[in-house]
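One structure is given here, and the rest of the page talks about it.
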Amino acid sequence: MIPVPCSAGSFSSTGIAPCSLCDRLSFQPNNESRICVPCPGTSATAHLGSKSAQDCIGKLKEGAPELTIRSVGQSVLALFQREPIKMQY
């Protein structure tokens, strides 16, 4: 089977499928990425899977933080207002 690289706006622990979309606090302009780039300051994107820093335009409403859960290898990474919490399962 031919490996399929993650496309811009997504990532995985290897940069190869299966991939997850970048959350609303980040973006990724490149293919085959292992991480998403955080939006500057408290800005956020309008949708998941953003491909450009220019998508980081709005702010998350105070009191309504975003919770994102990602599977990375044998761990679950929960991001709560950019504070990572690693949980084993």
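Just so you know, these numbers come straight off a predicted model, no measurement behind them.
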### Task
Please confirm whether the backbone N or O of Gln54 pairs with a side-chain atom of Ser52, one donor and one acceptor, at under 3.5 Å?
yes

### Summary
One should read off an interatomic distance between Asp55 CG and His47 NE2, to the nearest 0.5 angstrom, of 4.5 Å

### Task
Would you check if Pro29 and Lys51 make a side-chain contact, meaning some heavy-atom pair closer than 4.5 Å?
no

### From CZ (Arg24) to SG (Cys36), nearest 0.5 Å
14.0 Å

### Message
Could you tell me if the side chain of Cys22 sits less than 4.5 Å from the side chain of Leu48, heavy atoms only?
### Response
no

### Message
Could you work out, with side chain to side chain donor-acceptor pair (under 3.5 Å) as the rule, every residue matching Thr14, not counting sequence neighbours?
### Response
Ser12

### Message
Assess, by modelled atom type and distance only, whether the side chains of Asp23 and Ser26 contain a donor and an acceptor separated by less than 3.5 Å.
### Response
yes

### Message
Please find the pair of heavy atoms, one from Leu25 and one from Ser43, that lie closest to each other, and give the distance.
### Response
CD2-O, 4.2 Å

Tabulate below the donor-acceptor pairs under 3.5 Å that side-chain atoms of residues 1-11 make, not counting sequence neighbours, or state none.
| unit_1 | atom_1 | unit_2 | atom_2 | d |
| --- | --- | --- | --- | --- |
| Ser10 | OG | Ser7 | N | 3.2 |
| Ser10 | OG | Ser7 | O | 2.6 |

### Query
CD1/Ile57 to SG/Cys39 distance, rounded to the nearest 0.5 angstrom?
10.0 Å

### Query
Who pairs with Asn31 by side chain to side chain donor-acceptor pair (under 3.5 Å), at least two apart in sequence or on another chain?
none

### Query
Backbone N or O of Gly15 within a donor-acceptor pair of the Arg34 side chain at under 3.5 Å?
no

### Query
Which other residues end up in the same hydrophobic cluster as Val37, if Ile, Leu, Val, Met, Phe, Trp and Tyr are linked when side-chain heavy atoms come under 4.5 Å apart?
Phe27

